[in-house]
Amino acid sequence: MPFFNIENVKMVGVSACVPKNIEDNISYPYFAEGEAERVIASTGIKQRRIANSETTSSDLCFEAADKLLEELKWNREEVGCLIYVSQTPDYILPATSCILQKRLGLSQNCLVLDLSIGCPGWIYGMNMISSLMSHGSIVKGLLLVGETPSKYKSYKDKSSWPLFGDAGTATALEFDKQAEPLQFFIAADGYSYESIIIKEGGFRFPFRHESLEEKEDNDGMVRNALQSRMDGMSVFAFGLKQGPAAIKELSSHFSIDINAIDFLFIHQANMYMNEKIRKKIGISLEKVPYSLDVFGNTSCATIPLTMVVGAGLDKFRNGFSDNLACAFGVGLTWGSLYFKTDKIKIPELMEI
Amino acid sequence: MEKFIELFAEQLDAMSEVTLNADTRFRELDEWTSLVALSIIAMVDEEYGVSLSGNDIRSVNTLGELYNLIQEKL
């Protein structure tokens, strides 16, 4: 079991940016009579933000990062690494982190890296960046985590389209010998790689004209081969099992008292599933903040986005707090993180 | 088996008057939706500690077969 205890790195700020454009699930045209109400009641997702055709995940992350750097009053020359987590890169190549380095005006003495991770992307990214920074060669680091699922979902797929939204986030970290350790549990099940997949457009099945043909898939949904398909039942069962397990594994390995936790950030999949997970872990409702009601599932961005917009987070925003996070998704991949924060910088949510 | 059918019925719409038994082909019910499927997965996880995949649900036709599958996985 991969557990990590990473010292000398602390989280000092988090910010998020979403598209201005709001889409309401109540008026989604592919629902049957009464279906919108049922789906909203069970998923908890009322509306989502959808990027326009010119805006990419990196644009949203750029705005979030630019604002955070400004508010932290960081000297941009000091940023020693930038990790960009997304599955919607700007280009096949070069890596989007190179483009973000330039746009943010960072030094050339900066390690840049793209990570292709879905929903647990923030936890995986935190694991990677803190591992890189814990030896002290890098004093300041930026973790940019963003996704625009609207770019690869079929609008006609009512099992998926109404659940997902677009968002970009930035998390700032500093080397600090006094920092409380970051404790991780990380896991993957590549045997189930087909559970959520975009079949064509990569290099296994390169883009061809037929890739654009819309077809009714065997789940009855209409999509083309460049759009994602998900075995919803299997992914639900996976999250229900591995989400709580990730928290239990972590807390038993590091002797973390779950009852003493201030906040548990659960990946914002849907309310029905998250409530099942919360109850299995046995943590009270007010300790579990949400962003999915108005932003939906923003993939890897859900946890940092929830830190920015979630209700009841005064203690997280203004004081010292004990936190847990857990996420699960495409890959399949999942993980959990125990981290303490002390008055971190959180700029207001940005919209572009 | 009776308890299982009762638990299964609880996941359906409360207005539903369908009578269920071991031979019911549950995926052909009017009430069978993707949301009901998810609630069955959650119910089986809670009540039996068994994790059903999408393929498991698609591999059986009747409630009796579904029940037997859960018993095998116990």
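Residue numbering restarts at 1 for every chain, and letters A, B, ... go by the order of the sequence lines.
One side chain, A:Asn218 or A:Arg229, offers a donor N or O that lies under 3.5 Å from an acceptor on the other. For the residue pair A:Ser27 and A:Asp24, no side-chain donor N or O sits within less than 3.5 Å of a side-chain acceptor on the partner.
Interface remark: A:Lys280 contributes side-chain atoms only to the contact with chain B (heavy atom separation under 4.5 Å). Contact annotation for A:Ser42: only side-chain heavy atoms (C-beta onward) come within less than 4.5 Å of a heavy atom of chain B. With a 4.5 angstrom heavy-atom cutoff, B:Thr33 does not touch chain A via any of its atoms. Interface residue B:Leu52: only backbone heavy atoms are found under 4.5 Å from chain A.
For the set B:Leu38, B:Ile41, B:Leu35, the entry with the most heavy-atom pairs within less than 4.5 Å of chain A is B:Leu38.
Remark: A:Lys153 qualifies as a cation-pi partner of A:Phe164 under the 6.0 Å distance and 45° angle criteria applied to the six-membered ring.
Inter-residue side-chain proximity for B:Lys73 and B:Tyr48 is flagged as unmet; no heavy-atom pair is nearer than 4.5 Å.
Here CD1 of A:Ile198 is found 10.5 Å from CZ of A:Arg223. Values are rounded to the nearest 0.5 Å.
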